Protein chains: 2
Amino acid sequence: MSDVVELPDEGATTGLSPAVTGAGVQSVDRALGILEVLARTGESGVTELAVELGVHKSTAFRLVATLEAHRLVEQTSDRGRYRLGMGILRLAGATTARLDLVQEARPISRQLAADTGETVNIAVLAESSALYLDQVAGSSALQPHNWVGQHIPLHATSNGKVLLSGLDEPDLDAALGKLASYTPHTITGRAKFRDELARVREQGYAVAVDELEIGLTAVAAPIRNAHGDVVASMSVSGPSFRLPEDRVGEVVRLVVTAAVEVSHRLGWGHR
Amino acid sequence: MSDVVELPDEGATTGLSPAVTGAGVQSVDRALGILEVLARTGESGVTELAVELGVHKSTAFRLVATLEAHRLVEQTSDRGRYRLGMGILRLAGATTARLDLVQEARPISRQLAADTGETVNIAVLAESSALYLDQVAGSSALQPHNWVGQHIPLHATSNGKVLLSGLDEPDLDAALGKLASYTPHTITGRAKFRDELARVREQGYAVAVDELEIGLTAVAAPIRNAHGDVVASMSVSGPSFRLPEDRVGEVVRLVVTAAVEVSHRLGWGHR
DNA sequence: GACTGCGTTCCGTCGAGCGCAACAGATTCT
DNA sequence: AGAATCTGTTGCGCTCGACGGAACGCAGTC
């Protein structure tokens with residue numbers, strides 16, 4: 001696959017902002033571009049979309065109509081603007097259910113939740129924020145799992161620290177924006193935060209106490225793939241009064257063990 | 001726009017599962033077909049996908065490569081099979097965030113969660129299962145919202161009953177599969193379940209105690225759009241020991257009030 | 001080592017998707 | 001009220017982009 005698409009004499013490209021254009025099948029590319037635009041704007045009209053993509057109205061309409069037939073977009077009224085539809089949600093359900101990370105981790109998460117009595121989360125890195133893939137609640141009955149999409153700050157959570165600790169310098173710089181302060185305990189100094197990451201890398205786990213929210217304590221450990229890369233993070237979190245300092249040590253041990261077990265299932269340290 | 005798409009002579013479709021061949025832009029249609037196949041199978045190779053769509057290998061490859069460029073699919077290894085990717089999750093996050101149902105309901109959900117101290121959910125009907133759109137946790141810190149997709153049985157949950165109560169006979173038959181038993185309290189008799197639905201319709205709310213899981217109690221009420229159709233369901237759920245019979249009455253009142261308030265915001269019983 | 005499967009790439013052809021232009025409602029401006 | 005101008009929507013020819021065929025490179029397997 002060539003990333004470069006050379007169009008020697010194609011002068012017609014409206015020159016606006018290509019933004020989303022990846023290479024591939026043109027019409028599909030454009031259709032997916034529409035989805036991304038809608039994800040960004042929340043709601044757009046056909047004309048608007050056409051401008052954004054640099055194509056003719058009718059083209060945009062045909063694409064959006066096709067997306068609509070598959071329920072990936074829907075229009076507000078019979079002759080109105082378009083937005084993302086429920087089809088996306090069904091696909092997302094299938095996605096988390098099948099991501100083998102989640103599938104492999106599920107039983108171990110359950111066990112960990114049972115052992116600690118606290119909530120277990122699995123998170124991955126997604127463009128300068130953490131994306132939660134799975135959750136198993138500690139004790140309360142039927143806390144359904146599988147949620148998505150919330151942007152979680154990376155520098156104020158144990159999961160975030162672990163995920164960042166797996167990056168090299170250039171990627172780290174890119175992923176790390178400004179270090180917003182959520183509580184007096186949030187680490188906001190860049191140098192100090194790098195020290196923290198070094199510590200996380202060294203000891204193989206991260207802890208966050210009152211850093212995102214007063215009264216919230218979390219412990220996280222890295223999940224690695226067959227190549228040893230940090231692909232996800234597994235955490236145990238709960239109210240600080242249930243996770244006092246002298247209990248953190250034990251929880252750390254459990255989380256690290258669980259994360260290592262998942263890593264093994266993903267092929268890490270393969271015989 | 002016609003909802004009916006009848007292609008009587010489409011003989012090329014391998015006869016297996018026709019998927020959703022809606023009319024539109026061919027290549028986009030096929031690409032989205034790939035997403036749906038992957039959602040169903042969880043993981044497929046290029047050749048497999050090509051057979052399923054009735055196209056040539058190379059065509060399927062180009063389509064899947066385009067999807068991959070947008071992160072909607074990813075391959076297991078460098079030269080392996082394909083599965084749905086995280087791009088879907090990002091889109092899903094944007095979807096729920098923008099659905100005006102969720103947006104309108106959010107503040108009311110919060111209030112309801114605060115009033116009851118229990119977890120509040122918003123669910124919609126999605127092809128013979130319930131789809132959770134939003135969640136607000138009762139008390140615990142940092143319960144992020146926005147999850148999706150898990151297939152929740154309709155007949156063993158308060159949300160499911162409410163959603164089913166909004167259907168007419170033919171749709172109900174279609175949506176209702178076999179009534180699996182989850183606990184001794186699950187309603188499995190068809191006649192008995194219809195009686196239950198009648199009761200739900202009449203009283204305007206549904207209750208489920210120990211029907212999906214022992215120790216889990218839930219109460220739900222319908223959310224209606226401007227036409228009065230039941231478009232979603234709002235529920236409060238928690239451990240049965242915190243929601244004893246004598247407290248259910250109060251919770252019912254709160255849930256119904258909240259659901260009516262959301263319905264009003266959606267235009268129901270306008271002015 | 002031949003064979004058979006896979007995902008991937010290149011290439012010439014042809015039909016599918018494109019832009020154009022016209023249509024039909026809604027809204028706004030005069 | 002009427003016109004001007006938005007909007008989304010639809011036929012229609014032309015052309016370029018997507019398609020299928022075939023070949024390639026790599027892994028297992030007999």
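All values reported here derive from a predicted model rather than from experimental measurement. The chains referred to below are lettered A, B, ... by the order of the sequence lines, with proteins before strands, and numbering in each begins at 1.
In this structure, CD1 on B:Ile108 lies 4.0 Å from CZ on B:Arg265, to the nearest 0.5 angstrom.
As a whole-Å value, the separation of B:Glu43 CD from C:dG7 P is 11 Å. Atom pair A:Leu67:CG and D:dT9:P shows a separation of 13 Å (rounding to whole Å applied). Rounded to a whole Å, the NE2 atom of B:His56 is 17 Å from the P atom of C:dG12. Straight-line distance from the CZ atom of B:Arg83 to the C1' atom of C:dG7: 16 Å, rounded to whole Å. What separates CD of B:Glu48 from C1' of C:dG7 is a distance of 13 Å, to the nearest Å. Taking atom CZ of B:Arg62 as the reference point, atom C1' of D:dG21 lies 11 Å away to the nearest angstrom. Per the geometry, CG belonging to A:Leu49 stands 12 Å off P belonging to D:dT7, to the nearest Å. Rounded to a whole Å, the CZ atom of B:Arg81 is 8 Å from the P atom of C:dG7.
Of the candidate nucleotides D:dT7, D:dT10, C:dG7, D:dT10 has the atom nearest to the side chain of A:Phe61. For B:Gln26, whose side chain is taken as the heavy atoms from C-beta onward, the closest listed nucleotide among C:dG7, C:dG17, D:dG8 is C:dG17. Closest approach to the B:Lys57 side chain among D:dT9, D:dA18, D:dA23 is made by D:dA23 (side chain taken as heavy atoms from C-beta onward). Relative to the side chain of B:Thr47, the nucleotides C:dG17, C:dA22, C:dC6 differ in distance, and C:dC6 lies closest. Comparing D:dC19, C:dC18, C:dG7 by their closest approach to the side chain of B:Ser27 singles out D:dC19. Of the candidate nucleotides D:dT9, C:dC18, D:dG20, D:dT9 has the atom nearest to the side chain of A:Tyr82. Each of C:dG7, D:dT10, C:dC18 was ranked by its minimum atom distance to the side chain of A:Leu63; first place goes to C:dC18. For A:Ser58, whose side chain is taken as the heavy atoms from C-beta onward, the closest listed nucleotide among D:dG11, C:dT8, D:dG20 is D:dG11. Side-chain proximity of A:Gln75 to the nucleotides C:dT8, D:dG8, C:dC18 is greatest for D:dG8.
Nearest heavy-atom pair across B:Leu72 and B:Leu91 is CD2-CD1, 3.9 Å.
Between the side chains of A:Ser27 and B:Ser27, at least one donor-acceptor pair of N or O atoms lies under 3.5 Å.
Classification of A:Arg40 and A:Glu36 as a salt-bridged pair fails, no side-chain N sitting under 4.0 Å from a carboxylate O.
Between B:Ile122 and B:Ile223 there is a side-chain heavy-atom pair separated by less than 4.5 Å.
If you find the closest nucleotide of DNA chain D to A:Val28 and to A:Gly45, the one lying nearer the 5' end belongs to A:Gly45.
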